[in-house]
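Written out below as structure tokens is the structure these notes cover.
In the text below, chain A, chain B and the rest are named by the order of the sequence lines, each starting its count at 1.
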Amino acid sequence: MASASFHAPRGTRDLLPENLLRTLLMEEAAREVARRGGYGEIRPPLFEETKLFSRSLGNQSDVVEKEMFTVLRRGEASEDSWTFRPEGTAGVVRAYIEAGCPASAPFQKWFYMGPMFRYERPQKGRERQFQQFGVEVFGSKSPLLDAEIVDGAMQFFEALGFGPELEARVNTMGDESDRAEWRQSLLSYFEPHLDARCEDCRSRFKRNVFRLLDCKNDACISGNQGAPALTTVMGKEASEHHTAFLMGLERLGRKPKIDGSLVRGLDYYSRTVFEIHYPPLGARSALCGGGRYDGLVELLGGPPTPAIGFAAGFTSTELAMEEMGLPANADVIAAQAAFAPAVYCLAIGEEDREAAFAAAHECRSAGLSTAIDYRNRSAKAQFKEANRLSVPFVFVIGPDEREQGVVLLRDMVNGEEEKIPLDEAVSRLAAEL
RNA sequence: GUGGGCAUAGCUCAGUUGGUUAGAGCACCAGAUUGUGGUUCUGGGGGUCGGGGGUUCGAAUCCCCUUGCCCACCCCA
């Protein structure tokens with residue numbers, strides 16, 4: 001608009017009070033799920049050394065190659081810079097190591113919530129600044145933990161009102177050595193057939209050969225039929241882990257969809273990988289992704305330490321809620337009522353304002369959320385304002401009330417009015433609300 | 001990075017083959033009701049029609065350039 005000369009940067013948006021409800025609900029759900037699971041909150045910095053991300057995510061990953069929000073420290077040396085975190089895991093792992101946890105208290109269950117940054121073209125469900133809720137657990141190889149993590153992610157969405165269509169898709173990537181061997185066999189399998197693949201696959205071939213497996217192109221899908229499967233090279237331990245993980249999920253009453261084509265883009269995953277989908281959303285159904293990353297702590301300078309986690313994106317979750325009509329109207333009204341002031345201190349005339357001003361202070365001291373006019377508006381306008389704010393009670397203060405040492409307590413729902421002393425009115429409402 | 005679409009009031013949008021002073025609904029303000037909200041009625045404020053250039057007697061409308069936004073692809077949350 002012509003009057004607004006400044007604009008929120010591309011891919012960012014302002015969450016104004018009236019649009020914040022879903023975000024608050026997601027934060028509430030996240031904290032509740034974390035509390036149930038015994039997760040402690042961690043808040044690493046929003047930016048880290050660039051190297052931390054290039055090493056953990058992999059130099060070839062799209063995130064590192066073209067989506068980093070980087071701040072140069074000196075000159076133009078690309079490695080000597082800071083980068084706003086494109087995801088949460090790397091910083092959390094760094095903090096885990098830096099705090100000395102591996103030696104002192106290797107088993108940790110942490111969660112985090114906050115903004116992430118990726119420099120990419122925004123579109124529906126994708127922003128340059130977006131919020132994630134994530135958990136990371138260090139120090140256990142137990143496949144039952146993998147099942148707990150998937151279950152926790154599911155609980156997050158269920159707490160928000162997602163229905164039974166919610167779907168956990170799981171797969172295994174094997175151990176690092178398995179992956180290396182599998183990668184080699186995939187490379188040699190696909191190389192002679194590259195001409196038959198789509199353009200995307202040809203470029204994926206060099207960057208991340210695993211991605212050829214989940215190409216949506218029909219010709220490529222049939223070309224994948226004879227590709228070597230991970231199971232042919234996967235070691236015994238990783239296989240047993242996967243089986244135990246699936247049994248654990250079954251124990252929790254979860255019915256995951258086993259998806260052999262599920263391959264996550266970041267380098268650090270090993271063994272269990274999973275995504276939470278809400279299929280009614282179609283192409284944008286992925287709401288959450290995660291998995292095990294047993295090699296990452298060591299890769300970032302710590303001792304070998306198994307770990308697993310997930311990250312849920314607020315942007316896509318919010319979109320999904322919107323499309324599902326969540327939260328329900330009744331919940332919206334309840335939430336609005338919870339945020340609405342309890343009392344409006346209304347001055348009839350100019351000479352009543354000081355008394356209303358003091359009354360508002362009394363209300364607030366007693367813990368009541370209180371509104372008052374600061375724009376010298378008429379009594380009528382103040383009533384309108386109180387109504388607009390959904391305030392349930394108004395203290396009317398005019399010459400009569402001041403003379404009698406009372407306030408006129410008006411119940412805005414049923415219209416009843418009563419003249420009582422201010423302190424009595426305050427304590428009554430404070431007890432009630 | 002590649003491709004497509006859209007820019008008119010705070011918001012959602014009308015605006016005829018180019019033709020007086022650019023409109024509606026919602027929101028906002030005031031009055032009807034001099035101490036009373038939600039409904040209703042009346043009135044009001046608010047626009048460089050994204051920006052720049054061109055064609056024309058005349059441009060929101062046609063042409064060129066530019067900026068911004070949205071959507072899709074790659075990839076991902």
Worksheet item: So, for A/Tyr293 and A/Tyr268, is the gap between ring centers shorter than 6.0 Å?
Response: yes

Discussion item. Please report the interatomic distance NZ(A/Lys419) to CG(A/Asp400), rounded to the nearest 0.5 Å.
Written reply: 5.0 Å

Fill in: Interatomic distance at P, B/rA9 relative to B/rG50, whole Å
8 Å

Item to complete: State yes or no: are the ring centers of A/Phe393 and A/Tyr344 separated by less than 6.0 Å?
Response: no

Discussion item. Against A/Val92, only a single residue in A/Glu136, A/Glu87, A/Gln108 fulfils side-chain contact (heavy atoms from CB on, under 4.5 Å); can you say which?
Written reply: A/Glu136

Discussion item. Nearest whole Å is fine: how far is B/rG37 P from A/Asn387 CG?
Written reply: 9 Å

Item to complete: For nucleotides B/rU55 and B/rU61, find the distance between their C1' atoms and express it as a whole number of Å.
Response: 13 Å

Worksheet entry | Gap between atom CG of A/Leu212 and atom CZ of A/Phe210 - 0.5 Å precision | 10.5 Å

Practice prompt. Indicate yes or no: at least one non-hydrogen side-chain atom of A/Met68 is less than 4.5 angstrom from one of A/Phe53.
Written response: yes

Discussion item. For the P atoms, the ones on B/rA32 and on B/rG38, what distance do you get once it is rounded to whole angstrom?
Written reply: 14 Å

Worksheet item: Any donor-acceptor pair under 3.5 Å joining the side chain of A/Glu275 to the base of B/rA77?
Response: no

Discussion item. If I take atom CZ in residue A/Arg375 and atom P in nucleotide B/rC29, what distance separates them, rounded to the nearest angstrom?
Written reply: 6 Å

Worksheet item: Whole-Å distance between B/rC76 P and A/Phe210 CZ?
Response: 13 Å

Fill in: Identity of whatever pairs with B/rA7 - Watson-Crick or G-U, under 3.5 angstrom
B/rU67

Discussion item. With a 3.5 Å cut-off and heavy atoms only, can you find an N or O donor on one side and an acceptor on the other between the side chain of A/Arg126 and the base of B/rC75?
Written reply: yes

Discussion item. I want to confirm an ordering. Mapping A/Val413 and A/Thr315 to their closest nucleotides on RNA chain B, which one lands closer to the 5' end?
Written reply: A/Val413

Worksheet item: Starting at the 5' end of RNA chain B and moving along, which residue's nearest nucleotide shows up first, A/Gly289 or A/Pro9?
Response: A/Pro9

Worksheet item: What nucleic acid atoms does A/Ala286 come within less than 4.0 Å of, heavy atoms only: base, sugar-phosphate, or nothing?
Response: sugar-phosphate

Worksheet entry | Output field: ring centroids A/Phe69/A/Phe84 closer than 6.0 Å | no

Item to complete: Looking at every strand, decide which applies to A/Gly125 at a 4.0 Å heavy-atom threshold: base, sugar-phosphate, or nothing.
Response: base

Discussion item. Could you tell me the Watson-Crick or G-U partner of B/rU20, where both distances fall under 3.5 Å? Say none if there is no partner.
Written reply: none

Practice prompt. Using a cut-off of strictly less than 4.0 Å, decide whether A/Arg10 has a side-chain nitrogen or oxygen near OP1 or OP2 of B/rC69.
Written response: yes

Worksheet item: Under 3.5 Å, is there an N or O donor on one side and an acceptor on the other linking the side chain of A/Lys66 and the base of B/rC74?
Response: yes

Discussion item. So that I know where these two stand, are A/Phe130 and A/Phe314 an aromatic pair - ring centroids less than 6.0 Å apart?
Written reply: no

Worksheet item: On a whole-Å scale, what distance lies between the C1' atoms belonging to B/rU39 and B/rC13?
Response: 26 Å

Worksheet item: Applying a 3.5 Å limit to both distances, which nucleotide forms a Watson-Crick or G-U wobble pair with B/rU48?
Response: none

Item to complete: Could you check which nucleotide pairs with B/rG58 in any of the strands shown, counting Watson-Crick or G-U wobble with both distances under 3.5 Å?
Response: none

Item to complete: Could you check how far NZ of A/Lys124 sits from P of B/rC73, rounded to whole Å?
Response: 13 Å

Practice prompt. Look at A/Gln123 and B/rC73 and indicate whether a side-chain polar atom (N or O) is within less than 4.0 Å of OP1 or OP2.
Written response: yes

Discussion item. If I take atom CD from residue A/Gln382 and atom CZ from residue A/Arg375, how far apart are they, to the nearest 0.5 angstrom?
Written reply: 10.0 Å

Worksheet item: With both distances under 3.5 Å as the test, what is the Watson-Crick or G-U wobble partner of B/rU2?
Response: B/rA72

Discussion item. What's the closest nucleotide to the side chain of A/Ser316 if the choices are B/rG68, B/rA77, B/rA30?
Written reply: B/rA77

Worksheet item: Could you give the CD-to-C1' distance, from A/Glu120 to B/rC73, as a whole number of Å?
Response: 13 Å

Grab the N/O contacts between the protein and nucleotides 33-36 of chain B below 3.5 Å, and write none if there aren't any.
unit_1	atom_1	unit_2	atom_2	d
B/rG35	O6	A/Asp400	N	3.3
B/rG35	O6	A/Asp400	OD1	3.4
B/rG35	O6	A/Asp400	OD2	2.7
B/rG35	O6	A/Glu401	OE1	3.4
B/rG35	N1	A/Glu401	OE1	2.8
B/rG35	N1	A/Glu401	OE2	2.9
B/rG35	N2	A/Glu401	OE2	2.8
B/rU36	O2	A/Arg410	NE	3.1
B/rU36	O2	A/Arg410	NH1	2.8
B/rU36	O2	A/Glu417	OE2	3.2
B/rU36	N3	A/Glu417	OE2	2.5
B/rU36	O4	A/Glu417	OE2	3.4

Practice prompt. Could you tell me whether the phosphate oxygens of B/rC29, OP1 or OP2, come under 4.0 Å of any side-chain nitrogen or oxygen in A/Arg377?
Written response: yes

Practice prompt. Would you classify A/Glu87 as touching base, sugar-phosphate or nothing, given that sugar-phosphate means primed atoms plus P, OP1 and OP2, and contacts are heavy atoms under 4.0 Å?
Written response: nothing

Worksheet entry | P spacing across the pair B/rC6 / B/rG53, given as an integer number of angstrom | 24 Å

Fill in: Whole-Å distance separating the CZ atom of A/Phe53 from the C1' atom of B/rA77
15 Å

Worksheet entry | A/Arg128 CZ - B/rC69 C1' separation (whole Å) | 12 Å

Fill in: Among A/Phe157, A/Tyr112, A/Tyr39, A/Phe310, ring pair (Phe, Tyr, Trp, His ring centres under 6.0 Å) partner for A/Phe133
A/Phe310

Discussion item. Taking B/rU33 as the reference, what is the distance to B/rA27 when you measure between their C1' atoms (whole Å, please)?
Written reply: 23 Å

Worksheet item: Going by 5.5 Å between centroids and 30° between planes, is there a stack of A/Phe314 over B/rA77?
Response: no

Worksheet item: When you compare B/rA72 with B/rG25, how far apart are their P atoms, in angstrom units rounded to a whole number?
Response: 34 Å

Worksheet entry | side-chain N/O A/Arg121 vs B/rC75 OP1/OP2, d < 4.0 Å | no

Discussion item. Using atom C1' in both nucleotides, what's the gap between B/rG46 and B/rC26 to the nearest angstrom?
Written reply: 14 Å

Discussion item. Rounding to an integer number of Å, can you tell me how far A/Gln382 CD sits from B/rG37 C1'?
Written reply: 12 Å

